[in-house]
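In what follows, chains are A, B, ... by sequence order, proteins preceding strands, each numbered from 1.
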2 protein chains.
Amino acid sequence: MSDSLSATLAALADPTRRAILARLAQGEASVNELSTPFSISQPAISKHLKVLEQAGLISRGRVAQSRPCRLEAAPLRDLVGWLETYRRFWDQSFDRLDAYLKELQKGNPDEPRN
Amino acid sequence: MSDSLSATLAALADPTRRAILARLAQGEASVNELSTPFSISQPAISKHLKVLEQAGLISRGRVAQSRPCRLEAAPLRDLVGWLETYRRFWDQSFDRLDAYLKELQKGNPDEPRN
DNA sequence: CGGTTATATAATGCATAGGTTAAATACATG
DNA sequence: CATGTATTTAACCTATGCATTATATAACCG
């Protein structure tokens with residue numbers, strides 16, 4: 001999974017990891033703090049954190065024995081950038097524009113003309 | 001991978017599948033048309049299409065022997081919706097707003113007050 | 001019907017993901 | 001320095017992902 005977009009998407013595909021990010025959106029947290037809400041073991045959380053870190057979605061500091069994690073924006077920004085390519089497919093207003101243009105093309109007499 | 005957001009992200013995590021979507025963004029295509037650009041076998045493409053279909057990212061019709069595929073927007077829209085939660089992390093303008101608010105909080109005398 | 005084209009499914013192999021428990025490392029402190 | 005706390009790494013297991021080739025299904029056409 002060499003490319004970073006694939007790494008980002010794969011990292012985000014796991015619900016546990018998304019929950020971790022949701023927690024980090026509220027501020028830094030230690031590994032222990034991140035583990036407690038989950039029923040899985042703490043080493044499992046460490047693995048998830050490693051995946052998130054390698055995808056660049058989190059970074060970690062060092063405070064005594066603790067390794068505080070914080071959310072990193074860059075990969076999310078890149079993902080949004082990629083999604084922009086498909087904006088005309090998912091954006092509601094684009095949908096309406098599309099419908100409008102199709103009406104024009106049909107020459108529907110109910111629609112305004114110029 | 002029961003939840004649909006996980007399914008969407010997992011489907012998008014594969015570069016071949018993203019390339020297929022990129023092709024479909026230009027219009028419907030048959031399985032054969034989708035296979036030709038790739039070095040992998042046609043059954044492999046069929047499997048990718050199945051993954052995309054189960055994630056709701058494509059739908060398929062039937063025209064003679066051909067099964068034309070087309071891009072479906074809904075899961076992308078949902079993904080963008082999920083990303084909105086993190087907008088303040090990835091949006092540049094939010095970054096600037098953040099910095100501004102922090103300046104205010106510090107009581108920096110260079111900054112305007114009200 | 002018999003052959004051709006388009007696509008899907010089956011059987012299989014191998015690598016990776018995600019979990020576990022047990023052991024190692026890193027730092028703090030009495 | 002010995003011990004406790006926080007976290008990582010190792011060894012292992014099972015399930016799933018992605019590819020392959022061979023075979024089956026579906027629809028068209030002479």
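- With rounding to whole Å, A:E53 atom CD is found 14 Å from D:dT9 atom C1'.
- Screening residues 7-23 of chain A for salt bridge (Lys or Arg N to Asp or Glu O under 4.0 Å), with sequence neighbours left out, gives A:R18-B:D3.
- In this structure B:S46 satisfies the side-chain contact (heavy atoms from CB on, under 4.5 Å) test together with B:V31, B:Q42, sequence neighbours excluded.
- We find that CD1 of B:I20 is positioned 13 Å from P of C:dT7, with the value rounded to whole Å.
- Here C:dA17 presents its P atom at 17 Å from CD1 of A:I45, a figure rounded to the nearest Å.
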All N/O donor-acceptor pairs, side-chain side in residues 63-71 of chain B, below 3.5 Å, sequence neighbours left out:
{"unit_1": "B:R67", "atom_1": "NE", "unit_2": "B:G61", "atom_2": "O", "d": "2.9"}
{"unit_1": "B:R70", "atom_1": "NE", "unit_2": "B:S59", "atom_2": "OG", "d": "3.4"}
{"unit_1": "B:R70", "atom_1": "NH1", "unit_2": "B:E28", "atom_2": "OE2", "d": "3.3"}

Next on the checklist: Assess the residue pair A:I40 and A:T16 against the criterion (side chain to side chain contact (heavy atoms under 4.5 Å, CB included)); give the C-alpha distance rounded to whole Å, side-chain angles, the decisive distance to 0.1 Å, and a yes or no.
Outcome noted: CA-CA 10 Å; A:I40 64 179; A:T16 302; 4.1 Å; yes
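- Under the rule for a side-chain contact (heavy atoms from CB on, under 4.5 Å), the partners of B:Q54 that lie at least two apart in sequence or sit in another chain are B:K50.
- Proximity of residues 62-72 of chain B to DNA chain D (heavy atom under 4.0 angstrom from any strand atom) is restricted to B:R62, B:A64, B:Q65.
- When the C1' atom of C:dA17 is taken as reference, atom NZ of A:K50 falls 14 Å away, rounded to whole Å.
- Hydrophobic cluster membership is shared by B:L24 and B:L52, with clusters built from Ile, Leu, Val, Met, Phe, Trp and Tyr side chains linked at under 4.5 angstrom.
- Atom CZ in B:R60 sits roughly 16 Å away from atom P in C:dA6 (whole-Å rounding).
- Applying the side-chain contact (heavy atoms from CB on, under 4.5 Å) criterion to A:P37, with sequence neighbours excluded, gives no partner residue.
- One atom, NE2 of B:H48, and another, P of C:dT9, lie 16 Å apart when rounded to the nearest Å.
- The distance from atom CG of B:D14 to atom C1' of C:dA15 is 14 Å, rounded to the nearest whole Å.
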Measure all distances between protein nitrogen or oxygen atoms and nitrogen or oxygen atoms of nucleotides 20-24 of chain C, and list the pairs falling under 3.5 Å.
{"unit_1": "C:dT20", "atom_1": "OP1", "unit_2": "A:S41", "atom_2": "N", "d": "3.3"}
{"unit_1": "C:dT20", "atom_1": "OP2", "unit_2": "A:S41", "atom_2": "N", "d": "2.9"}
{"unit_1": "C:dT20", "atom_1": "OP2", "unit_2": "A:S41", "atom_2": "OG", "d": "2.5"}

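- Less than 4.0 Å separates DNA chain D from at least one heavy atom of each of the following residues of residues 29-36 of chain A: A:S30, A:V31, A:N32.
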Checklist entry - Can A:I45 and A:N32 be said to form a side chain to side chain contact (heavy atoms under 4.5 Å, CB included), step by step? => result CA-CA 9 Å; A:I45 298 290; A:N32 251 324; over 6 Å; no
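- The one candidate from B:R60, B:E72, B:H48 that meets the side chain to side chain contact (heavy atoms under 4.5 Å, CB included) condition with B:E53 is B:R60.
- Regarding B:Q54, its CD atom lies at a distance of 12 Å from the P atom of C:dA8, rounded to whole Å.
- Not counting sequence neighbours, A:T85 has no partner by the side-chain contact (heavy atoms from CB on, under 4.5 Å) test.
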Item to check | Criterion side chain to side chain contact (heavy atoms under 4.5 Å, CB included) on A:L12 and A:L79, from CA distance to verdict | outcome: CA-CA 11 Å; A:L12 294 177; A:L79 176 51; 3.7 Å; yes
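- For residues 57-88 of chain B, the ring-ring contact (aromatic ring centres under 6.0 Å, His included) pairs, not counting sequence neighbours, are B:W82-B:Y86.
- Rounded to 10 degrees, the angle separating the terminal helix axes of the helix from C:dC1-D:dG30 to C:dG30-D:dC1, each built from five base pairs, is 10°.
- Residues that satisfy the salt bridge (Lys or Arg N to Asp or Glu O under 4.0 Å) test with B:E33, not counting sequence neighbours, are absent from this structure.
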